[in-house]
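Below is one structure; the comments refer to it alone.
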Amino acid sequence: MAEVTTTIMLKDYFIVYVYIKIKKNRLEVKNLTSNSEWLHENANSAFSTARLLVGEFSIAEALLKKLFQQIMKSHWLIKKPCVLVQPLEQVDGGLSEVEDKLFKELALGAGAINVMLYTGKELSDADALKQLKSH
């Protein structure tokens, strides 16, 4: 049992838990580890299209990288984000396999080391953190 506790504690030194909400041409990101304020950023160039929440991948990825840099800048130790991604719009009928892969690759390309995709009602910060830690 001591080994499990030690492993979990060491992991926490290198991981930052992050909750990402994706809306049409807007990303919302929160560092759940430090319980900081939500960062909201609207895209200068549209990344959403009529059919896809993220139709312009490179624009959304660049915006997410920028937000990751902002929430990670205060750490003297290099930490990697473990993220929960929640698309909040254009999800009627569920996500296709392509959309599922897109949202995961978006976070991985921006620097995440682990990605969990969640669809459903908007989570509280505590519920999002619980989801991430159980993943």
Side-chain angles (χ1 to χ4, degrees):
M1 188 66 151
E3 282 184 38
V4 172
T5 305
T6 304
T7 303
I8 292 169
M9 290 173 57
L10 286 175
K11 181 178 121 178
D12 288 344
Y13 284 112
F14 300 103
I15 300 289
V16 173
Y17 294 103
V18 177
Y19 184 15
I20 302 168
K21 298 178 188 177
I22 303 178
K23 298 179 179 178
K24 188 172 182 178
N25 296 313
R26 180 178 173 88
L27 296 177
E28 299 178 4
V29 178
K30 182 169 186 174
N31 180 334
L32 297 173
T33 303
S34 66
N35 200 26
S36 62
E37 295 295 316
W38 280 96
L39 293 179
H40 308 270
E41 189 82 31
N42 292 317
N44 291 331
S45 299
F47 61 73
S48 298
T49 64
R51 292 187 308 135
L52 295 170
L53 187 56
V54 177
E56 298 295 332
F57 187 87
S58 58
I59 295 170
E61 184 181 46
L63 184 58
L64 187 55
K65 281 181 183 179
K66 176 183 168 185
L67 289 169
F68 276 177
Q69 289 173 350
Q70 290 176 19
I71 65 169
M72 304 290 281
K73 68 181 175 187
S74 64
H75 297 288
W76 61 271
L77 183 63
I78 297 174
K79 294 186 174 191
K80 289 291 193 174
C82 178
V83 305
L84 182 135
V85 177
Q86 184 176 23
L88 291 172
E89 298 175 350
Q90 294 181 249
V91 293
D92 296 337
L95 298 177
S96 69
E97 184 178 339
V98 171
E99 290 169 311
D100 185 83
K101 178 114 172 128
L102 176 141
F103 291 120
K104 289 177 180 175
E105 288 296 323
L106 180 67
L108 291 169
I113 60 165
N114 193 8
V115 180
M116 178 183 179
L117 185 60
Y118 176 83
T119 55
K121 69 175 182 65
E122 198 167 336
L123 297 171
S124 69
D125 295 350
D127 288 339
L129 185 58
K130 186 187 291 186
Q131 289 277 338
L132 280 165
K133 288 188 172 188
S134 69
H135 185 11

Residue pair L88 / K23: nearest heavy atoms and the distance that separates them:
CD1-CE, 3.6 Å

Quick check: closest heavy atoms across I22 and F47, and the distance to 0.1 Å?
CG2-CE1, 4.3 Å

How long is the gap from NZ on K101 to CG on L95, to the nearest 0.5 Å?
14.5 Å

Walk me through it: do L102 and L52 pass the test side chain to side chain contact (heavy atoms under 4.5 Å, CB included)?
CA-CA 10 Å; L102 176 141; L52 295 170; 5.6 Å; no

Does the side chain of I113 reach to within under 4.5 Å of the side chain of I15, using non-hydrogen atoms?
yes

Drop me the distance from L63's CG to S58's OG, to the nearest 0.5 angstrom.
11.5 Å

Sole residue of V85, L123, N31 in side chain to side chain contact (heavy atoms under 4.5 Å, CB included) with Y19
L123

I need the minimum non-hydrogen distance between K80 and G111, along with the two atoms involved.
CD-O, 3.7 Å

Are K30 and N35 close enough, and set up right, to give a side chain to side chain contact (heavy atoms under 4.5 Å, CB included), and what steps lead you there?
CA-CA 7 Å; K30 182 169 186 174; N35 200 26; 3.2 Å; yes

What's the separation between atom CG in L108 and atom CD in E61, rounded to the nearest 0.5 Å?
9.5 Å

Using only atom types and a distance under 3.5 Å, with no angle test, would you say the side chain of E28 pairs donor to acceptor with the backbone of K21?
no

Given V16 and F68, is the side chain to side chain contact (heavy atoms under 4.5 Å, CB included) satisfied, shown in steps?
CA-CA 10 Å; V16 173; F68 276 177; over 6 Å; no

Those residues at least two apart in sequence (or on a different chain) that pass ring pair (Phe, Tyr, Trp, His ring centres under 6.0 Å) with F103 are none

Intermediate values then yes/no, side chain to side chain contact (heavy atoms under 4.5 Å, CB included), Q70 and L67:
CA-CA 5 Å; Q70 290 176 19; L67 289 169; 4.0 Å; yes

For L32 and A128, work out which heavy atoms get closest and say how close.
CD1-CB, 3.9 Å

Taking all non-hydrogen atoms of both residues, which atom of P87 and which atom of T119 are closest, and how far apart?
CG-CG2, 4.2 Å

Please name the pair of heavy atoms, one in Q90 and one in E99, separated by the smallest distance, quoted to 0.1 Å.
O-OE2, 4.4 Å

Between N114 and C82 (side chain of the first, backbone of the second, donor and acceptor by atom type, cut-off under 3.5 Å), is there such a pair?
no

Value rounded to 0.5 Å, distance of CD1 in I20 from CG in L117
10.5 Å

Output for pair (T49 OG1, K24 NZ), nearest 0.5 Å, gives 8.5 Å

What distance separates L64 CG from L27 CG, expressed to the nearest 0.5 Å?
6.0 Å

